[in-house]
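Structure first, then comments.
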Amino acid sequence: KKEFFEGEMKQLKELIDFAKQLKSSDNKIDVLLNDILIPQIQENPKEKFIIFTEYRATQDFILKELSAHFGNESCEFICGSQSFKEREEAIYKFNSEANFLVSTEAGGEGINLQKHCHMMVNFDLPWNPMRMVQRIGRLYRYGQNRRVKVFNLQSPQTFDSAILDLMYQRIATVSRDMSTVGKEFREGLADEILGEISEAIDIQTL
């Protein structure tokens with residue numbers, strides 16, 4: 001095929017080779033498996049996790065790694081292309097026998113998992129903090145009788161992460177300052193502020 005510019009094919013090959021190297025040494029999947037999932041499953045073989053990701057390709061990658069470590073029967077998934085029946089079946093299997101439900105943003109709303117699960121992992125962090133609140137709402141709702149635990153994975157070297165860190169630092173400062181006005185610290189105040197911010201600005205454009 002004809003190149004659009006000189007050396008294009010060489011650069012594409014280098015990028016493909018680089019991507020293969022990154023895939024073979026993915027730090028986030030190592031942390032997910034070795035620091036979060038394996039220790040918890042060793043402690044409680046029936047422990048359940050919902051794992052959120054932004055992308056279908058990442059979802060497939062996570063499912064492949066989970067199946068290799070825990071077996072195919074341990075994993076279910078939810079994505080936007082599923083029918084209602086397929087989604088209901090995945091939720092049923094997760095609630096009854098599987099340890100892991102890997103979901104794209106399609107699972108951020110409309111499913112209730114609080115009776116059987118209290119562990120969540122955000123493999124990818126959404127730009128919009130309200131989407132994070134929606135995700136947590138799958139577990140943190142009426143009927144949940146255990147403490148909800150949420151693990152957020154991020155790469156501290158990325159630009160996205162720097163923006164998120166700055167945003168959360170400022171929210172924490174505002175929350176702390178506002179708590180002095182009412183003479184008590186309200187744990188949910190930061191989440192309320194997040195909601196107000198998400199309505200006031202277009203985080204995606206920012």
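With rounding to the nearest 0.5 angstrom, the SG atom of C117 is 10.0 Å from the CG atom of N99. The CG atom of D30 sits 11.0 Å away from the CG atom of L153 when rounded to the nearest 0.5 Å. Separating the NE2 atom in H116 from the CG atom in L101 is a distance of 12.5 Å, to the nearest 0.5 Å. Between the CZ atom of F123 and the CD1 atom of I51 there is a distance of 9.0 Å, given to the nearest 0.5 Å. Here the CG atom belonging to L139 is positioned 6.0 Å from the CD1 atom belonging to I50, to the nearest 0.5 angstrom. Here the CE atom belonging to M119 is positioned 10.5 Å from the CZ atom belonging to R147, to the nearest 0.5 angstrom.
Remark: E86 engages Q82, S83 in a side-chain contact (heavy atoms from CB on, under 4.5 Å) (not counting sequence neighbours). Under the ring pair (Phe, Tyr, Trp, His ring centres under 6.0 Å) criterion, F100 pairs with F70, sequence neighbours left out. Residues passing the side-chain contact (heavy atoms from CB on, under 4.5 Å) test with N152, sequence neighbours excluded: N122, L125, M132, V150. For R146, the side-chain contact (heavy atoms from CB on, under 4.5 Å) partners at least two apart in sequence or on another chain are E47, H118, Q144.
A salt bridge links K13 to D17: at least one charged side-chain nitrogen sits closer than 4.0 Å to a carboxylate oxygen. The pair K93-E89 meets the salt-bridge criterion, since a charged nitrogen lies less than 4.0 angstrom from a carboxylate oxygen.
E54 is listed as a side-chain neighbour of E105, based on a closest heavy-atom distance under 4.5 Å. Contact of the F49 side chain with the I36 side chain is registered, since non-hydrogen atoms from C-beta on lie closer than 4.5 Å. Residues L66 and L33 meet the side-chain proximity criterion, which asks for heavy atoms closer than 4.5 Å. A heavy-atom distance below 4.5 Å is found between the side chains of M120 and I136. Contact of the Q40 side chain with the N44 side chain is not registered, since no non-hydrogen atoms from C-beta on lie closer than 4.5 Å.
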Decide yes or no on side-chain contact (heavy atoms from CB on, under 4.5 Å) for Q59 and R56, but give the supporting numbers first. CA-CA 5 Å; Q59 183 184 47; R56 283 294 305 277; 3.2 Å; yes

Any chance you could lay out the side-chain contact (heavy atoms from CB on, under 4.5 Å) test for F151 and L32, step after step, and finish with the verdict? CA-CA 9 Å; F151 300 88; L32 174 66; over 6 Å; no

Could you go step by step and tell me if K64 and D60 meet the side-chain contact (heavy atoms from CB on, under 4.5 Å) rule? CA-CA 6 Å; K64 181 180 177 183; D60 292 341; over 6 Å; no

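Crowding of Y142 atom OH: a count of heavy atoms from other residues, nucleotides or ligands under 6.0 Å not exceeding 12.
The two residues F5 and Q11 come nearest to each other via the heavy atoms CE1-NE2, 4.0 Å. Of all non-hydrogen atoms in G137 and R141, the two that sit nearest each other are O-NH1, 2.7 Å.
Using modelled atom types and a 3.5 Å distance limit, the side chains of Q134 and R131 yield no donor-acceptor pair.
The same ILVMFWY cluster, assembled from side-chain heavy atoms under 4.5 Å apart, contains both I38 and V31.
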Would you be so kind as to tabulate the donor-acceptor pairs closer than 3.5 Å made by side chains of residues 72-79, with sequence neighbours excluded?
unit_1, atom_1, unit_2, atom_2, d
N72, OD1, S67, OG, 3.3
S74, OG, G71, O, 2.6

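Within the 3.5 Å criterion, the main-chain N or O of I111 finds a donor-acceptor partner in the side chain of R138.
Residue pairs meeting the salt bridge (charged side-chain N to carboxylate O under 4.0 Å, His left out) criterion with at least one member in residues 110-124, sequence neighbours excluded, are K28-D124.
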